[in-house]
Enquirer: 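Got a structure for you, questions after.
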There are 2 protein chains.
Amino acid sequence: MNVMNDSPRRKELTRQAAQLFVQEGFDRTTVRMLAQEMGIKSGSLFHHFRDKQEILAAVIEEGTENALGIARAALDDCDSDPGSRLHAMARAHLETLLTDRNAHVVALYEWRRLDAPARSHLSHLRDAYEALWEEVIDEALAAGLIRGDRFLVSRFVMGALNWTVRWYDPDGERTPDELARELVAMLTHPAD
Amino acid sequence: MNVMNDSPRRKELTRQAAQLFVQEGFDRTTVRMLAQEMGIKSGSLFHHFRDKQEILAAVIEEGTENALGIARAALDDCDSDPGSRLHAMARAHLETLLTDRNAHVVALYEWRRLDAPARSHLSHLRDAYEALWEEVIDEALAAGLIRGDRFLVSRFVMGALNWTVRWYDPDGERTPDELARELVAMLTHPAD
DNA sequence: CATTTACACTAGCGCTTGCTTGGTTGACCC
DNA sequence: GGGTCAACCAAGCAAGCGCTAGTGTAAATG
């Protein structure tokens with residue numbers, strides 16, 4: 001057990017682990033399965049990760065950091081009116097499902113398998129992502145674009161969005177852009 | 001391994017199993033832990049259930065049947081206008097979280113641990129529940145109360161609703177009725 | 001009274017689990 | 001050309017896993 005840095009090798013192993021975690025679930029995925037997928041022996045795995053838990057944490061960390069980066073970039077690039085910003089966030093969220101679906105599914109379904117220290121570290125990352133959403137929702141509320149309780153609206157929206165991993169097919173007919181547009185249309189109350 | 005009927009004893013055991021599955025997750029819950037929680041020895045467990053999988057199936061089956069019953073009753077008892085029906089469904093959904101939260105959490109998080117036969121049987125039950133929602137949403141769409149694509153709207157609504165198990169505290173300040181009202185308000189576009 | 005049924009028990013088989021140990025390899029460096 | 005270091009391997013340990021076999025017993029049933 002030597003290193004736990006973020007070498008490129010470790011990044012690649014993390015990506016492969018995410019795939020297996022989605023297919024089998026964290027608990028059912030054995031270190032032997034992980035090693036085989038990675039093309040190494042099970043003992044070698046512990047050169048890159050302290051233990052199995054750390055592999056899970058690495059998967060979730062990378063996925064969340066990625067989503068955060070994409071969302072921030074989307075907000076920087078879009079128009080400044082609340083509607084555009086709402087749409088940009090929804091679109092960014094759906095686009096991460098194209099490139100990073102596995103990590104997102106793992107983050108949603110296997111969060112509770114994290115031990116306490118990892119959970120506390122990663123919840124800060126997740127909070128940062130949700131804070132972006134709440135900011136955008138606040139702006140939309142202030143502009144009268146949507147209405148309702150600040151807290152409840154963001155929970156409902158996060159729910160609708162996170163649920164997309166269950167049914168959205170990125171290779172299907174609907175683009176993230178179209179889908180984001182539909183979601184915003186459902187929520188907003190334009191002054192006809 | 002004698003019986004697999006639905007005796008009252010088995011119902012109680014199922015309820016206790018749901019509790020443990022939520023706390024630990026299905027895979028981490030051992031038959032020995034289940035037996036201890038039930039106050040029997042691990043071998044005795046297999047008198048009531050064929051195997052561990054069947055316990056999971058029993059938990060999900062009971063929870064879904066319950067939700068279906070409550071939703072149907074709510075629809076029978078409410079006014080016939082689309083807004084009332086939407087509200088009745090949302091309220092029924094949240095009310096099941098008061099009495100049956102464990103089973104619902106298990107159904108959401110451990111669905112993929114079901115083997116193929118159980119999954120096929122239970123998905124019919126779940127489809128029946130979702131069909132109720134789609135019916136009510138269709139009525140609301142037809143009445144112009146909400147708008148958007150039939151398929152997408154129901155996915156978004158189901159997402160927002162199912163996500164409530166993550167944050168809703170039935171012992172907290174907000175009643176299911178209030179919460180349902182907020183959700184409907186967020187979705188609907190009344191002709192001001 | 002005899003039999004069945006429902007429920008519980010003890011004991012343990014066969015296997016898999018996460019992880020450790022002690023070592024080898026080959027590329028790079030001064 | 002000796003030293004360093006990440007990367008990998010073979011072997012295996014201790015613990016725990018789902019589940020089975022066979023038995024005991026008290027209440028219900030004929």
Side-chain angles (χ1 to χ4, degrees), chain A residues 1-60 106 110 112-119, chain B residues 1-60 106 110 112-119:
Chain A
M1 47 166 125
N2 276 340
V3 265
M4 298 141 320
N5 58 357
D6 38 80
S7 62
R9 180 73 176 128
R10 182 172 146 137
K11 269 231 161 73
E12 171 61 15
L13 297 180
T14 300
R15 220 186 43 81
Q16 288 176 305
Q19 162 94 21
L20 256 181
F21 286 161
V22 169
Q23 264 176 43
E24 307 288 331
F26 176 71
D27 289 322
R28 279 173 135 81
T29 304
T30 68
V31 294
R32 286 167 179 81
M33 293 162 68
L34 286 164
Q36 186 170 25
E37 183 86 0
M38 296 166 178
I40 58 180
K41 300 299 175 183
S42 69
S44 316
L45 221 160
F46 295 92
H47 171 74
H48 300 278
F49 304 93
R50 198 192 319 267
D51 53 24
K52 196 186 167 193
Q53 279 269 343
E54 199 180 83
I55 308 179
L56 176 60
V59 167
I60 297 182
V106 171
E110 313 288 357
R112 317 193 37 220
R113 307 296 162 245
L114 290 167
D115 54 22
R119 184 148 32 184
Chain B
M1 50 169 122
N2 276 339
V3 264
M4 299 142 319
N5 57 357
D6 39 80
S7 63
R9 179 78 175 124
R10 182 172 146 135
K11 269 231 160 70
E12 171 62 13
L13 297 180
T14 301
R15 220 185 44 80
Q16 288 177 304
Q19 162 94 20
L20 257 182
F21 287 162
V22 169
Q23 266 176 42
E24 308 287 331
F26 176 71
D27 289 323
R28 278 171 135 81
T29 304
T30 69
V31 294
R32 286 167 179 84
M33 291 163 66
L34 286 165
Q36 187 170 23
E37 181 87 0
M38 297 165 177
I40 57 179
K41 300 297 175 184
S42 70
S44 316
L45 220 159
F46 297 92
H47 171 76
H48 301 278
F49 304 93
R50 197 190 320 269
D51 53 24
K52 196 187 165 192
Q53 279 269 342
E54 198 181 82
I55 309 180
L56 176 60
V59 167
I60 297 182
V106 170
E110 314 289 356
R112 316 190 38 218
R113 308 294 162 246
L114 291 167
D115 54 23
R119 183 150 31 187

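Lettering of chains follows the sequences in order, A, B, ..., and the numbering in each one begins at 1. The figures here come from the full heavy-atom set of this structure, side chains too, leaving out hydrogens, waters and symmetry mates.
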Enquirer: May I have the distance from Phe46(A) (atom CZ) to dC19(C) (atom C1'), rounded to whole angstrom?
Expert: 5 Å
Enquirer: For Ser42(B) and for Asp51(A), find the nucleotide of DNA chain C with the closest heavy atom, then tell me which residue's nucleotide is more 5'.
Expert: Ser42(B)
Enquirer: Please report the distance, rounded to the nearest Å, between CD in Gln36(B) and P in dG16(D).
Expert: 13 Å
Enquirer: Give a yes/no answer on whether the side chain of His47(A) brings an N or O atom under 4.0 Å of OP1 or OP2 in dC8(D).
Expert: no
Enquirer: Please confirm whether any donor atom in the side chain of Arg32(B) sits under 3.5 Å from an acceptor in the base of dG16(D), or the reverse.
Expert: no
Enquirer: Are the charged groups of Glu37(A) and Arg15(A) less than 4.0 angstrom apart, N to O?
Expert: no
Enquirer: Mind calculating the distance between CD (Glu54(A)) and C1' (dG18(C)) to the nearest angstrom?
Expert: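 One finds 14 Å between C1' of dG18(C) and CD of Glu54(A), rounded.
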Enquirer: Indicate, with a heavy-atom threshold strictly under 4.0 Å, whether Ser44(B) touches base, sugar-phosphate, or nothing.
Expert: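 Base contact.
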Enquirer: Describe the nucleic acid contact of Lys41(A) in one word from base, sugar-phosphate, nothing, applying a heavy-atom distance below 4.0 Å.
Expert: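 Result for Lys41(A) = sugar-phosphate.
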Enquirer: Hey, does Arg9(A) reach any base, or is it just sugar-phosphate, or nothing, if we go heavy atoms under 4.0 Å?
Expert: sugar-phosphate
Enquirer: Let me know the distance between NZ of Lys52(B) and P of dT20(D), rounded to the nearest Å.
Expert: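 About 14 Å, once rounded to whole Å.
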Enquirer: Applying side-chain contact (heavy atoms from CB on, under 4.5 Å) to Glu12(B) and Met38(B), what does each step give before you reach the verdict?
Expert: CA-CA 9 Å; Glu12(B) 171 62 13; Met38(B) 297 165 177; over 6 Å; no
Enquirer: How long is the span from the CD atom in Glu54(B) to the CG atom in Leu114(B), to the nearest 0.5 Å?
Expert: 11.5 Å
Enquirer: Using whole Å, what does the distance between atom P of nucleotide dT17(C) and atom CZ of Arg28(B) come to?
Expert: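 The distance from CZ of Arg28(B) to P of dT17(C) comes to 14 Å, rounded to the nearest Å.
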Enquirer: Roughly how many Å is it from CG in Asp27(A) to P in dG18(C), rounded to a whole number?
Expert: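 Whole-Å distance recorded here is 9 Å.
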Enquirer: So how far is it from Leu45(A) CG to Ile55(A) CD1, rounded to the nearest 0.5 Å?
Expert: 4.5 Å
Enquirer: Can you tell me which nucleotide in dG12(C), dC19(C), dC9(D) comes closest to the side chain of Val31(A)?
Expert: dC19(C)
Enquirer: Does Glu24(B) pair with Arg112(A) as a salt bridge, N-O distance under 4.0 Å?
Expert: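 Between Arg112(A) and Glu24(B) there is no salt bridge, as every charged N stays at least 4.0 Å from the carboxylate O atoms.
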Enquirer: Atom CG of Leu45(B) to atom P of dC19(D): distance rounded to whole Å?
Expert: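 Roughly 10 Å, once rounded to whole Å.
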Enquirer: Please determine, for the side chain of Ile40(A), which listed nucleotide (dT17(C), dC9(C), dC9(D)) has the closest atom?
Expert: dC9(D)
Enquirer: Could you check how far CZ of Arg50(A) sits from P of dC19(C), rounded to whole Å?
Expert: 11 Å
